[in-house]
Amino acid sequence: MVTLFLVFNVWKLRLTRLPWVLRGWWTCSFLLSIIRTAFDVYHILTTHTSPRVGDYADVPNFLASAFLFAIAVQGLTGICSLSNDLTEPLLTNNNGKHIEGQKNSLYGNATFIQLITFSWLNPLFAVGIKKPIEKHEVPDLYIKDSAEYLSHSFDDCLNQVKERDSTAIPSIYKAVFLFIRKKAAINALFAMTSAAASYVGPYLIQDFVKFLNGKNHGNLKSGYLLVVAFISAKTIEVIAQRQWIFGARQLGLRLRAALISHIYMKGLRLSSQSRQSRTTGEIMNYMSVDIQRITDFIWYMNTIWMLPIQISLAIYVLNMNLGVGSMAALAATLTFMLCNIPITRTQKRFQSKIMEAKDERMKATSEVLRHIKTLKLQAWDMQYLRKLESLRETEKHWLWMALRLSAITAFIFWGSPAFISMVTFGACILMGIPLTSGSVLSALATFQMLQDPIFNLPDLLSVTAQAKVSLDRVSSYLQEEEIQSDAVMLVSKDKSNFAVEIENGSFSWEPESRNPTLHQIQLSIMRGMKVAVCGTVGSGKSSLLSCILGEMPKLSGLVKVSGTKAYVPQSPWILSGDVRENILFGQHYDREKYYRTVKACALLKDFELFSCGDLTEIGERGINMSGGQKQRIQIARAVYQDADIYLFDDPFSAVDAHTGTQLFKECMMGILKQKTIIYVTHQVEFLPEADLILVMKNGRIAQAGRTDKRHISEDDAETDTGSTTELKSKHDSQSNLSLEITDKRQRLTQDEESEKGSIGREVYWSYLTIVHGGILVPIIILAQSLFQLLQVASNYWMAWATPATNESKPVVGMNVLFLVYIALAVGSALFVFVRASLVAITGLSTAQKLFTSMLHSVLRAPMSFFDSTPTGRILSRASTDQSVLDMDMANRLGWTAFSIIRILGTIAVMSQAAWQVFAIFIPVTAVCIWYQRYYTPTARELARLDGIQRSPILHHFQESLSGSATIRAFNQEMRFNNSNINLVDCHSRPWFHNVSAMEWLSFRLNLLSNFVFTFSLVLLVSLPEGIINPSIAGLAVTYGLNLNVQQANVIWTLCNAENKMISVERILQYTKIASEGPLVIEDKTPPKSWPEIGSIEFKNLQIRYAEHLPDVLKNISCIFPGRKKVGVVGRTGSGKSTLIQAIFRTVEPREGTILIDDVDICKIGLHDLRVRLSIIPQDPTMFEGTVRGNLDPLEQCSDTEIWEALDKCQLGDIVRAKEKKLDSTVVENGENWSVGQRQLFCLGRALLKKSSILVLDEATASVDSATDGLIQKIISWEFKDCTVVTVAHRIHTVIDSDLVLVLSEGRIVEYNSPAKLLEREDSLFSKLIKEYSIRSKSFNKLASLQSADTIF
């Protein structure tokens, strides 16, 4: 009646979900039905009577209640509600995506039976068996498994915790609990049902042995009822077990997706202080390693609920058979449980140390990969290789401590069943409790059932310790300080005439510092004004832009901004993808607007040169673009946004004079003429056009004034060059900028390499034989075999030697019985210890060797590898895949071998009782193998896709972290978060279907094992009395109870090991990277004094970055005389930087040679070459550490020499003002120093290196003109006897050179002395000089800056 009433209400109210009352009622009915059925079976077996009518009636009642219980678990009524459709948008993006996801989700459309049997995966297997599964063929996720849904759900949980606890910082632990509680409760119910059903077998064994001892034809019915009871319990156990394991995996996926989404969003909101305390490598570890460990815990969590039930039922079964002796078993079990307390504490401490060491290593690895070009140019790569190896040694130390403890733990817990049985049987003998074969076999079966939870206990403790550490780390990160939300007040445009206002503002990058970075800032900028910001290096120019953006912590004052913002940072931030994607930056493609934008940003000529026009792919961090091209692409990105306020941080530093003029006139003063622009610049020639000039000094606006433009109107008209006019006429009619060759595009960054088909035998062989040629592997297998042999022998001894009944005469005395059992049990435990220790030693040694090989291979790879390989792919292998090798791989392979040995032992025991079992075991094994082969192709490709799809998440996260300021400035946080959510879903899809596929296989193998067990039981019941020994038959049943688990374990461990072996395969791929030239060639080592003169000769030099890309340098032939100053100029992208790279051999010539002092540099070692050359690169690089470490990482110079170099490059006073002097901190990327200061540090390195050849690659682009002039004087004096090759955009930088090389489109256009080139008015160099002179003249004509009060 209750059910009918509630169901009627559900139908009447059109509810889509069942009410909790009804679900609870059906659950209770199911539990009562189980209890009723169990009592019926027990009554029939004990009274040896036939079933009554009520007993038969209980069977359909049990089936009906089981069906209703399954519906209650699902909770859905199947009623579709349309009531909200009229009030919601018809086709919102999210709804559309959800509907499409639901439509294409195999799991979401599965029926009840399909959910139980996992047959909803059959269509996927049908595809996978025919061909390798591609990414697009993996079905969609169920809506509730999508990252977007889960992210919102976790947000709701955090808000609930906030409201409940009345706190601004919610507890992550409470939020996680709220997030998982419903699904976890359902999983726990299945887990407890599985645990309870697993003890029916041990409970019935004594009755089964009694039946065999007194068997006659009159009571065969009782035997068959026992068989039905055994099989029913095993079937319930299998269904419940598969459901809770699948549910746990699914819950882990959901928690992982939610946490990754929040870690990503937190990364976009971190304050500058938080970013300095949390490096990129550290944050990447949270997303890769820590999240994985938290996910693993969700699976093991169900062991917590199962353990009390298993122990309670075990003690109950033992009490039924051994009476008071069960108390000894309980005491022994509790003793082992108490042993876990110190082990857990120690394991947790080791895990914390491992994670700290891993963070340090990953942080250093990330930094090395980010600045690999600088390391190679400076010949520091081997020094940093040794640093990484040192960090790895620290990590290895703690790994060994943890693995050694795990080996001891394995010894304790593998030996625990034998130890508990010794204590229990010993107590029974002492107390005079009779031991019969039935009671002993029931006890042994119980101990064997206890074995799995006890085996899982050390893993549970280890995983719990790891998860606790990881969740603490993630929680600490998620509670870090964020960007001040109130730092900038947004004002509506109709309420203010000012675009930007700062009232008495004080700002500091270090809020605790007494000296603010900016102070007493008073500024008002009218809408449409052009404001120039200038000042010396470190005066606070970039910081002023940061405080307007809200990036800089505000100490006091008020900042008001009216309108949308666009920001161009000083260091270009370029996303992986094509050029067009970088410019559009999430905006809709408007052809006319796009054309106007790229034309104004001087990109049309570049598109002509690119192989695929604006669809040309950009490498990671824009590595295949010149500095000027990257700068202009990000300027175009800002322009295309059509914002109200533009903030440009030194936009002209990386472009040549021609392009700089075009950008300034056509972009800033052309297409953006109605916009508010604040631009930082070091080039004084761009100041006259400003409506307001701000001069920064020591963090203050020292001067502010306007200029008189009347004097320069004529000169402005003359700055348009012929080349610009030519470009206009050439491209005005062009309607489509991309070269329509999308299908033929040659990509720089290729898709990640992925093997196809099964894991090659060579991968397994490489892994097994890498340490001592694999000599330890057979020893490990022998130790496990001896353990299994002695364990079987001990149980066989007890079954054979104990009497069948209390009246029977024992075969041997109880003392002998017990002593032999002890000897066998202790011997088996010792072999476990040997096996566990050897697995730990071999596994860690193998992981270390593979890590070292991969590290050496990657760092010795040519620059072309780094150009085409996203850092995320390398970091993924160095973190996630390496963690698998460190902690998992050896155990996984070991378990595969151990599972095979265990099942062979089980079959051997069962065949002793009834050899006929082979008649069914062999065909069933054949079917199992067929299933495994049917499953493996699909699962293997899903596992590979899982590994491949993990890298883009890390890569996207790393890119987003480095450009977080730009993302925030453009208000693009939600778009980037959506991209992250899509990447998480792309990873979750193969992962989810892979774990589901494993359950699909395990369910079928479990049922087949149950079939073998059923056949064995029926055979034992049906054979005539006297043919078999009842005690041995009972032992066979004892082992057969675990046959389904063991048989599934063999296949599961095989598949799992193959899936994990993909990590080995991925790392092995990176141990075989083609290396760049040798560091040292013994018989080609140049003299120590080389190069003495420093002459550089190019002969027919041709260079391209990849075989499928066009030549960048074409037939370059010229000589740079020794001890001369040579300037290299040319339009952006003309090949200037490539020429420099060729001298350092970061790109190898396709044809031609380079001679330095008549030595062919391609025939000597790379280290011998690079260590003799100095370079100040275009992108200033600093490493995390100290000032001293950045100037002299090889520790070859004294402090006096370092101070001398700092004074020469104008940094001495700045460093002396720091508390720690030379030991002053340099944070990641040197972000606590301005870009100009970083460039001066690079000059300091060159001064300390004292090479006879110095290369300046746009070395003064980021410093003001005064500092530039000072640097040129220092270089002229300090390197007066050296060859100096200068690549520059500032013409005055190269005008004093002895020779000037002019490049265009990779060819030499002009090469002569400046005087000779200036004699020809039509020379390109003359045009550059003329243009620069006009601009300088215009500036010189300016009236002096009008003194003005600070503008309010």
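Treat the numbers as computed from the prediction; the structure is a model and nothing was measured.
Taking the six-membered ring where tryptophan is involved, the planes of F118 and F246 are perpendicular, since the angle between them exceeds 60° and thus also 30°. Aromatic ring orientation, F154 versus F179: perpendicular (interplanar angle above 60°, classes split at 30° and 60°). Below 30°, between 30° and 60°, or above 60°: for W244 and W299 the angle between ring planes is between 30° and 60°, a tilted geometry.
Annotation: cation-pi pair R256/W991 present, NZ/CZ under 6.0 Å from the ring centroid and within 45° of its normal.
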Test side-chain contact (heavy atoms from CB on, under 4.5 Å) applied to Q466 and D296, step by step: CA-CA 9 Å; Q466 292 176 17; D296 289 342; 5.7 Å; no
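Considering all non-hydrogen atoms of both residues, V138 and P990 come closest at CG1-N, 3.9 Å. Of all non-hydrogen atoms in I172 and S475, the two that sit nearest each other are CG1-OG, 3.4 Å. When all heavy atoms of H955 and S576 are compared, the pair lying nearest together is NE2-OG, 3.0 Å. In plain terms, the two heavy atoms of T966 and P569 that are nearest each other are OG1-CG, 3.7 Å. Closest of all the heavy-atom pairs between A258 and L150 is CB-O, 3.9 Å. Scanning both residues, L885 and I1067, for their nearest heavy atoms gives CD2-CD1, 3.9 Å.
Between R989 and D946 there is no salt bridge, since no side-chain nitrogen of the basic residue lies less than 4.0 Å from a carboxylate oxygen of the acidic one. The pair D881-K1060 does not meet the salt-bridge criterion, since no charged nitrogen lies less than 4.0 angstrom from a carboxylate oxygen.
The distance from the CE atom of M287 to the CZ atom of R950 is 13.0 Å, given to the nearest 0.5 Å.
Here the options are E482, Q479, E480, the test is side-chain hydrogen bond (donor to acceptor under 3.5 Å, both in side chains), and the partner is K266; only E482 passes.
Taking the six-membered ring where the residue is Trp, the centroids of H993 and Y107 are separated by 6.0 Å or more. Between F585 and F976, the distance separating the two ring centers is shorter than 6.0 angstrom.
A donor-acceptor pair shorter than 3.5 Å can be found between the side chains of S271 and S274.
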